Amino acid sequence: MKKITYVTGNWAKIASAKQALEPLGFEVDNIKMETPEIQSDDVPEVSKYSAKWVAEKLNKPVLKNDSGLFVKSLKGFPGVYTRFVDETLGEDGLLKLMEGIEDRSAYFKESIAYCEPGKEPVVFEGITKGVIDTKKSGTYGWSWDFIFIPEGENQTLGCFPDEERWNFWSQDAYKKLAKYLEEK
């Protein structure tokens, strides 16, 4: 069984990777560690750089994820700066920026980079569409979960317990990664 180390502490990301890869004979473990994040306007570039850095440092195949929240009416902001905006403005600040804005469509873009030591990373993407609510709601999750309503729903992710909430996220990136590894 081939082993892949997912560089994350997020249990939902680990569960998604295991669901996609373990049936193909890949063992997924994880490690939580700080990695360098380059400044780029492109989510895949950020994940690729971090994955290559970690693969070389640990000398084993790794997965590294980067994601961003893109709000259409804000011209894609916060995008790759999602974590920084979360730490500075937070959900309240984003809601304030969007006061009076009718088009509240948004999406999360997730980029998963797979990298083996000495090789270039391969990136797989997934999109989770939805809208930004006009107010915070819910008691589950964290951060954007309290203002993001996934497509097809009428309440924020924060209204769903963990075991339900992670099912709303796109699994496309993991499926593409699984297909890549299967054909490799």
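Only a predicted model underlies this, so the values are computations on that prediction, with no experimental measurement involved.
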task: Quick one: sort the Phe108 and Phe148 rings into parallel, tilted or perpendicular, breaks at 30° and 60°.
output: perpendicular
task: Look at the side-chain heavy atoms of Ile, Leu, Val, Met, Phe, Trp and Tyr, link any pair under 4.5 Å apart, and say whether Leu89 and Phe70 land in one connected group.
output: yes
- request: Determine, using the 4.5 Å side-chain heavy-atom cutoff (strictly less than), whether Ile112 and Val43 are members of one ILVMFWY cluster.
  value: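 No, Ile112 and Val43 fall in different hydrophobic clusters.
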Can a donor-acceptor pair be found, under 3.5 Å and without considering hydrogens, that links the side chain of [X] to the backbone of [Y]?
X	Y	answer
Glu125	Lys109	no
Ser47	Pro44	yes
Asn30	Thr8	yes

Inspect the surroundings of [atom1] in [X] and state if more than 12 heavy atoms from other residues, nucleotides or ligands are less than 6.0 Å away.
X	atom1	value
Lys176	NZ	yes
Lys136	NZ	yes
Lys48	NZ	no
Tyr81	OH	yes
Glu163	CD	yes

field: From OH (Tyr174) to CG (Leu177), nearest 0.5 Å
entry: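 It comes to 9.0 Å.
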- request: With rounding to the nearest 0.5 Å, note down the distance linking CG in Asp42 to OG in Ser111.
  value: 7.5 Å
Does a side-chain heavy-atom distance below 4.5 Å link [X] with [Y]?
X	Y	answer
Leu97	Phe77	yes
Leu181	Ile4	yes
Thr128	Ser170	yes
Ser73	Arg104	no

- prompt: With a 6.0 Å cut-off on ring centres, are Phe124 and Tyr114 close enough?
  reply: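 Ring centroids of Phe124 and Tyr114 are no less than 6.0 Å from each other.
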message: Tell me if the aromatic rings of Tyr140 and Phe160 count as close, with their centers under 6.0 Å from one another.
response: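 Between Phe160 and Tyr140, which both carry aromatic rings, the centre distance is not below 6.0 Å.
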query: With a 4.0 Å cut-off, would you call Glu116 and Lys2 a salt bridge?
result: yes
query: So, Ser137 and Thr156: side-chain donor and acceptor under 3.5 Å apart, yes or no?
result: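 Yes.
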- request: Verify whether one side chain among Gln171 and Ser16 offers a donor that lies under 3.5 Å from an acceptor in the other.
  value: yes
query: Hey, which of Asp103, Leu69, Ile101 is the one that makes side chain to side chain contact (heavy atoms under 4.5 Å, CB included) with Leu74?
result: Ile101
task: Determine, step by step, whether Met33 and Val7 satisfy the side-chain contact (heavy atoms from CB on, under 4.5 Å) criterion, reporting the C-alpha distance in whole Å, the side-chain angles of both residues, the deciding distance to 0.1 Å, and the verdict.
output: CA-CA 7 Å; Met33 66 185 284; Val7 182; 3.7 Å; yes
task: Name all residues meeting the side chain to side chain donor-acceptor pair (under 3.5 Å) criterion together with Asn10; count only those two or more places apart in sequence or in a different chain, and write none if there are none.
output: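 Expected list: none.
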- prompt: Quick one: does NZ or CZ of Arg165 land under 6.0 Å from the six-membered ring centre of Trp144, within 45 degrees of the ring axis?
  reply: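 Cation-pi check for Arg165 and Trp144: fails.
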